[in-house]
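Have a look at the structure below, then the notes.
All values below come from the heavy atoms of this structure, side chains included, with hydrogens, waters and symmetry mates left out.
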Amino acid sequence: MIIGVPKEIKNNEFRVGLTPQSIETLIDNGHEVIVESNAGIGSGFSNEDYINIGAKIFKTPNDIYEKSELIIKVKEPQLSETQLLKPNQILFTYLHLASSKNLTEQLLESKCTSIAYETITSDSQGLPLLTPMSEIAGRLSIQAGARCLEKHSGGSGILLGGSSYSPPANTLVIGGGVVGYNAALIADGMKSHLTILEKNNERIDFLKNEFPKAQILNIDDINMEDIVSEYDLIVGAVLIPGAQAPQIIQKKHLQLMKHSCVMVDVAIDQGGCFETSKATTHEDPTYVIDNVIHYCVANMPGAVPRTSTISLNTATLPYIQKLANSGIEAFCKNSAHHLNGLSTYKGMLTYKPVADLFKLTYSSPIDIF
């Protein structure tokens, strides 16, 4: 199979779909891999690194999309990229279609087959290809929030961990999954006063054991209006796999918050879990509504592309190998977990939560394969 790796073009996105090491494995499996010039430079991989392991370098994205049977990316394709997709071509990347009806319709119009990293499942009911980036985004959320709290960033001027002579900031993490756990790990490590909201009782018990000094509460027992005024930093880490995130913090709550409170919405890829969230970029990451600072960067792990790319490839390579070695039909037939990743197939929408959200026609992938 001819596998193509285009350069990412989303704002300040420096990750790359495949590392040289991953490509070497795919070439050893008998595949041809072509890479857009300088696609890996932001992650520390030069054209020569790719050439040395047997990849071919092409100058333009048009070359990559024209020649490839399988496209490996990191972020969802932008408009200029969806126009290059072709029928019978497979796209394997993060899609987050619940955040964009426009992208969904563009993929359907292209008639390509698209598979979303974030909805492939596992026997443990996890999301194995989302987990690496969720871990990184959770850890980055606290770093980003701490920077936003600094006075020169427009914040209240409070140090997240305080000092020997001044109390720490109060941090609220909404959601105790992979993102929330990793956010809590950093907030707790920085000695912030930490509260975590979670709804699953088993997960609550786990979090209490992991963070004995934190306050762990069941979100179903909480009235947000009663608690939001306590916090300097709020991290939204709520996920419904493949579907739009619920809006936990509403606009009316902002009036109750501390002046220059910071809200970091890690769920922004799925529409955001704050009513006032709108996607921002690393170039212009924040905006203010009702004296509350919003940080809603949609590709947070792109800030640390070296770590992110290596982490992502560790998780995705076995799946890419299976897909390239067996083809799309066998890949989907042989595993219900793989089938859960199928988003579009030859002009059909095969992911029900997105079809329901946008009121589009749904085609069951079970019936297709």
With Glu283 via side chain to side chain contact (heavy atoms under 4.5 Å, CB included) - residues at least two apart:
Asn11, Asn12, Thr281

In plain terms, say whether Lys352 and Asp356 are close enough for a salt bridge, that is, a side-chain N and a carboxylate O under 4.0 Å apart.
yes

Taken to the nearest 0.5 Å, the spacing of Ile328 CD1 from Ile368 CD1 works out to 10.0 Å

Which residues pass the side chain to side chain contact (heavy atoms under 4.5 Å, CB included) test with Ala55, not counting sequence neighbours?
Ile23, Val35, Tyr50, Ile53

Using the rule given for side chain to side chain donor-acceptor pair (under 3.5 Å), can you reason through Thr60 versus Asp63, listing the C-alpha separation, both sets of side-chain angles and the distance that settles it, and then say yes or no?
CA-CA 5 Å; Thr60 70; Asp63 292 326; 3.0 Å; yes

If two hydrophobic side chains count as joined below 4.5 Å and joins carry through other members, does Ile57 share a cluster with Ile41?
no

Can you run down the side chain to side chain donor-acceptor pair (under 3.5 Å) pairs that involve residues 241-254, sequence neighbours left out, and say none if there aren't any?
Glu225-Lys252, Lys251-Asp290

Clusters formed by hydrophobic residues whose side-chain heavy atoms approach within less than 4.5 Å: which one holds Tyr65, and what are its other members?
Ile2, Ile34, Phe58, Ile64, Ile71, Leu84, Leu85, Leu91, Leu95, Leu97, Leu103, Leu107, Leu108, Leu349, Tyr351, Val354, Leu357, Phe358, Leu360

Heavy atoms from other residues, nucleotides or ligands near CD1 of Ile366 exceed 12 (cutoff 6.0 Å)
no

Do the non-hydrogen side-chain atoms of Asn325 and His31 ever get within less than 4.5 Å of each other?
yes

Who else is in Leu79's hydrophobic cluster (ILVMFWY, side-chain heavy atoms under 4.5 Å, direct or via others)?
none

All side chain to side chain contact (heavy atoms under 4.5 Å, CB included) counterparts of Asp205, not counting sequence neighbours:
none

Hey, quick one: are Ile268 and Leu130 part of the same hydrophobic cluster, counting side-chain heavy atoms closer than 4.5 Å, chains of contacts allowed?
no

Value rounded to 0.5 Å, distance of OG in Ser326 from CD in Gln321
11.0 Å

Common cluster, Phe14/Ile310, ILVMFWY with side-chain heavy-atom separation under 4.5 Å:
no

Would you indicate whether the side-chain heavy atoms of Leu127 and Leu239 approach each other to under 4.5 Å?
yes

I'd like to know if Lys213 pairs up with Asp188 as an ion pair, taking the criterion as any Lys NZ or Arg NE/NH1/NH2 lying under 4.0 Å from an Asp or Glu carboxylate oxygen.
no

So which heavy atom on Asn200 is nearest to which on Glu202, and how close?
OD1-N, 3.0 Å

Testing the basics here: between Val179 and Ala237, what is the closest heavy-atom pair and its distance to 0.1 Å?
CG1-CB, 3.4 Å

With sequence neighbours excluded, tell me which residues meet side chain to side chain contact (heavy atoms under 4.5 Å, CB included) with Ser156.
Leu149, Ile158, Ser260

If you round to the nearest 0.5 Å, how far is CZ of Arg203 from CD1 of Ile196?
9.0 Å

Flag side-chain contact, heavy atom, 4.5 Å: Ser311 against Ile136
yes

What distance separates Ser43 OG from Arg306 CZ, expressed to the nearest 0.5 Å?
7.5 Å

Within the structure provided, determine whether Leu312 and Tyr94 are in side-chain contact (heavy-atom separation under 4.5 Å).
yes

Using a 4.5 Å cut-off on heavy atoms from C-beta on, say whether the side chain of Ser141 contacts that of Met300.
yes

Sequence neighbours excluded - salt bridge (charged side-chain N to carboxylate O under 4.0 Å, His left out) pairs with any residue from residues 29-38
Glu32-Lys56

Evaluate the criterion side chain to side chain donor-acceptor pair (under 3.5 Å) for residue pair Glu198 and Asn218; output intermediate values, then yes/no.
CA-CA 5 Å; Glu198 172 57 44; Asn218 192 314; over 6 Å; no

Using the rule that two of Ile, Leu, Val, Met, Phe, Trp, Tyr join whenever any of their side-chain heavy atoms come within less than 4.5 Å, decide whether Tyr362 and Met348 are in one cluster.
no

Residues clustered with Ile174, ILVMFWY side-chain links under 4.5 angstrom:
Leu172, Leu197, Leu217, Ile219, Ile222, Met224, Ile227, Val228, Tyr231, Ile234, Val238, Ile248, Ile249, Leu254, Leu256, Met257, Met263, Phe274, Tyr287, Ile289, Val292

For Lys258, does the NZ atom sit with more than 12 other heavy atoms under 6.0 Å from it, leaving out its own atoms?
yes

With sequence neighbours left out, which residue pairs that include part of residues 107-120 fulfil the side chain to side chain donor-acceptor pair (under 3.5 Å) condition?
Ser114-Thr344

Would you kindly confirm whether Ile120 and Val178 end up in one hydrophobic cluster when ILVMFWY residues are joined by side chain heavy atoms under 4.5 Å apart?
no

Evaluate the side-chain proximity of Cys273 to Asp265: yes if any heavy-atom separation is below 4.5 Å, no if none is.
yes

On a heavy-atom basis, which atom in Ala183 and which in Ile142 lie closest, and how many Å separate them?
O-CG1, 3.1 Å

Assess the side chains of His96 and Gln270: does a donor N or O sit below 3.5 Å from an acceptor N or O?
yes

Does a side chain donor of either Ser122 or His337 reach within less than 3.5 Å of an acceptor in the other side chain?
no

So the salt bridge (charged side-chain N to carboxylate O under 4.0 Å, His left out) pairs with at least one residue in residues 80-89 (sequence neighbours excluded) are Lys73-Glu81

Do Val262 and His294 touch side chain to side chain, with heavy atoms closer than 4.5 Å?
no

Closest heavy-atom contact between Gly17 and Val74?
N-CG2, 3.7 Å

Between CG on residue Asn29 and CE on residue Met1, distance to nearest 0.5 Å:
12.0 Å

Can you check whether Asp269 reaches Ser99 side chain to side chain, under 4.5 Å on heavy atoms?
no

Testing the basics here: between Ser80 and Ile9, what is the closest heavy-atom pair and its distance to 0.1 Å?
OG-CD1, 3.4 Å

Kindly give the heavy-atom pair with the smallest separation between Leu233 and Gly145, and that separation in Å.
CD1-CA, 3.7 Å

Can you pull the side chain to side chain donor-acceptor pair (under 3.5 Å) pairs that have at least one residue in residues 163-187, sequence neighbours excluded?
Arg139-Asn182, Asn170-His193, Thr171-Ser192, Tyr181-Glu210

Any luck finding a side-chain donor-acceptor pair between Asn313 and Thr316 under 3.5 Å?
no

